[in-house]
Amino acid sequence: MPYWEDFLWNTIIMVNLKKQRWMNALQMFRNMQFSFAKVTGGTIVKLLQACGKVGALNEGKQIHGYVLRCRLESNLSISNSLISMYSRNDRIELARRVFDSMEKHSISSWNSIISGYAALGDLDDAKNLFNKMESPNFKPDIITWNCLLSGHSLYGSYETVLTILQRLQGAGFKPDSCSVMSVLRAIIEVGFFNFGKEIHGYVIRNKLDYDVYVETSLVDMYVKNDCLKKAHTMFHNMKNKNIVAWNSLISGYSFKGLFQVAETLLKEMEKEGNKPDLATWNSLLSGYSIRGHKEEALSVIHRIKRSGSTPNVVSWTSMISGSTQNENYRDALEFFIQMQADNIKPNSATMCSLLQACAGLASLKKGEEIHCHSVRLGFVDDIYVATTLIDMYSNAGNLKMAHIVFRKIQSKTLASWNCMIMGYAIYGKGEEAIILFAEMCQMGIRPDAITFTALLSGCKNSGLIEEGWNYFDSMKKEYNINPTIEHYCCMVDLLGRAGYLDEAWDFIQMMPLKPDASIWGALLISCRIHKNIELAETAARNLFELEPYNSANYVLMMNLYSTLNRWEDVERLKDLTTVLSVKSQQPVWSWTQVNQTIHIFSAEGKPHTDEGEIYFELYKLVSEIRKLGYQPDIDCVYQNIDDNEKEKVLLSHTEKLAITYGLMKTKSQAPVRVIKNTRICHDCHQAAKYISLAQSREIFLKDGVRFHHFRGGD
DNA sequence: ATAGGGTTAG
């Protein structure tokens, strides 16, 4: 093999690498082996770097094989590159094997393996190796310290980052630009932006290496701190603007909904010869998506394709999560289909957004589907996915499954405990919520404000007054958490529903926050239940003032008047709503899924095609359950009609129709699942109890607030 | 000659 041919191969590979055509370069390496040319050490190192960068593990392994065949492992640079290649491909155990098999180590070897552990979040192993390397031969240098810093800025706490920074200085090193970057990252993560500004000053005062990375990170810090002006001036003064800085600024404007500026910046950067990359497009797209501009977001997808690139996981997850957050759950599922059609593999973030969409739809079947998907793709061990699964199952009607997922989590986070407690709460299982709370405290996990919202909701839905009261007191006393309006609302609801209306009133008078609509709403609902007209009128007066266009308040009040047969007051309120032209109440609907179809029963919309048959079946059911003791509760009808008519109206409640249809269409013993968008009335609640007994079928009914589980008349 | 630490998008 003539020397010039070896040289040619090496040169071609190097040129490809330099032009960032990683895959081309790796292909060249393969071709070259067939012609038995020799690669130089430098080329191998560069190739291995490329494998680390693009995640080409298999190519990296091939190069490793080549290294072993040619006995190049004694070359320290090559072995060190192998360590780095494996750890960048998340295969730290292989990196460790290379490290352990080396006869000699250099300081770079130590730094490579420590960096590997730190970058994967294995901070203990990184620290152990750090201690091990300290010997007469080796002393940690600034790079070793920065490896620890970087690891802790990603996976550790803000405090540990600062401690390491101090120890680094104690060991006689001066923080360089990489150290500053890690500290900045920790600051952005925690949101201590004031300290970020101090660091900015520190960098300038100490004339630290003020390179393009530090500059970009500072721009990004100001963007994330909502100081777009400051970020823009800094960006403007950058000598060498890089694409990352452009992207950061564009993401800032897009996120704030200032799309004009974002688009102008995009044009400017193109004019200055920077081709937008995927991060640029995704920065723009996420803003559109999260603010509900579906069409614009979709058009960015097309612009990406037109620019010759392919929308990636982040692009699609943006689309999905934006839809979910705007409560367009169907869109979210639709985008997932499009994403799969484009052959883009979802990751755990995608799964979380999808599961949230299923929770929003309360669609158990879809949720189970996404769960299976996550299992197949190996995402169920991800703590975020697992926590979202708990949330999905408790919102879609399978508390048992939520509990199974919860128990399987190895290292539970505060969020997972909170979700599970909330799960019990929405099922009205207050005792279980309390037991779980106690277990959580025993594990040494400190509850936060959200924990107490969940716990108090549990007490509220189960009527556990004394317990709720005690927990409310302990919030401030034992845990030093200031109750928010949500906690006060739970208490008003708890007291009011139990009939302690005067106590609820006193409670409202004593609370240090200004009562908002939710507080008065809770009181009004309690007043309706217990038919207390005086307090109801006070609550309503406040509500009409706070939200004059919320029809639900007027309806509640009219219901109360009608229960007391005060029809002239009902008319008066009706006139008031006409004068104010309050939009009528949201349509009431229930739905149930039979096979792959969702059947919607709406109070106003068009009737179901099988309506006659359903009513026939329902009449049969009602006469059956009457024998078991069911009594229609005509107090649930707020029309000025006679009692026989009222009983007829009760039969037309959408949840009864949905339950009946579910029973008719499913023969098996599977539970019937019905979702209703508003609260279930007392009569339907009673009827469902008896139906579950008469038909020996479980019935799950989710209403606007919580879950009801009927089994054997319970 | 050729190693090790860093910036943006969900």
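Numbers restart at 1 for each chain; the letters A, B, ... are given by sequence-line order, proteins then strands.
In this model, the phosphate group of dG4(B) is approached by a side-chain N or O of Gln49(A) to a distance below 4.0 Å at OP1 or OP2. Under 4.0 angstrom from either OP1 or OP2 of dG4(B) there lies at least one side-chain N or O belonging to Ser84(A). Lys224(A) has a side-chain polar atom (N or O) that falls below the 4.0 Å cut-off from OP1 or OP2 of dA9(B).
The CG atom of Asn312(A) sits 8 Å away from the C1' atom of dA9(B) (whole-angstrom rounding). As rounded to whole Å, 9 Å separates atom C1' of dG4(B) from atom CZ of Arg88(A). Between Ile250(A) atom CD1 and dT7(B) atom P there is a gap of 20 Å when expressed in whole angstrom units. The separation between Tyr213(A) atom OH and dT7(B) atom P is 8 Å, rounded to whole Å. We find that CG of Asn240(A) is positioned 17 Å from C1' of dG6(B), with the value rounded to whole Å. The distance between atom NZ of Lys275(A) and atom C1' of dT8(B), rounded to the nearest whole Å, is 16 Å. Note: NZ (Lys256(A)) to P (dA9(B)) measures 17 Å, nearest angstrom. If you take CG of Asp176(A) and C1' of dG5(B), they are 8 Å apart, rounded to a whole angstrom.
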Does the ring-ring contact (aromatic ring centres under 6.0 Å, His included) test come out yes or no for His105(A) and Phe138(A), once each step is laid out? CA-CA 10 Å; His105(A) 293 136; Phe138(A) 292 114; 7.7 Å; no
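For Thr40(A) and Thr43(A), the side-chain atoms include at least one donor-acceptor pair closer than 3.5 Å. Between Thr163(A) and Arg167(A), the side chains place no donor N or O within less than 3.5 Å of an acceptor N or O (distance only, hydrogens not considered). Under 3.5 Å, the side chains of Asp277(A) and Thr280(A) contain a donor-acceptor pair of N or O atoms.
Checked options Tyr253(A), Tyr222(A), Trp246(A); the residue passing with His232(A) is Tyr253(A) (criterion: ring-ring contact (aromatic ring centres under 6.0 Å, His included)).
Heavy-atom distances under 4.0 Å link DNA chain B to Ser286(A) of residues 284-303 of chain A, given in residue order. Of the residues in residues 330-345 of chain A, not one comes within less than 4.0 Å of DNA chain B through any heavy atom. Contacts between residues 257-268 of chain A and DNA chain B, defined by a heavy-atom separation under 4.0 Å, are absent.
Side-chain proximity of Val244(A) to the nucleotides dT7(B), dG4(B), dA3(B) is greatest for dT7(B). Across dA9(B), dT8(B), dG4(B), the shortest atom-to-atom separation from the side chain of Ser283(A) is found for dA9(B). Closest contact between the side chain of Asn75(A) and the listed nucleotides dT7(B), dT8(B), dT2(B) involves dT2(B). Closest to the side chain of Ala279(A), out of dT7(B), dA9(B), dG4(B), is dA9(B).
Under a cutoff of 6.0 Å and an axis angle of 45°, Lys241(A) and Phe235(A) form a cation-pi pair.
A donor and an acceptor atom sit less than 3.5 Å apart, one in the side chain of Ser177(A) and one in the base of dG6(B). Ser248(A) contributes no side-chain N or O that forms a donor-acceptor pair with the base of dT8(B) under 3.5 Å. Side chain Asn242(A) to base dT7(B): a donor-acceptor pair is found below 3.5 Å. For Asn347(A) against dG10(B), a side-chain N or O and a base N or O form a donor-acceptor pair under 3.5 Å. The base of dG6(B) does not come close enough to the side chain of Asn146(A) for any donor and acceptor atom to sit less than 3.5 Å apart.
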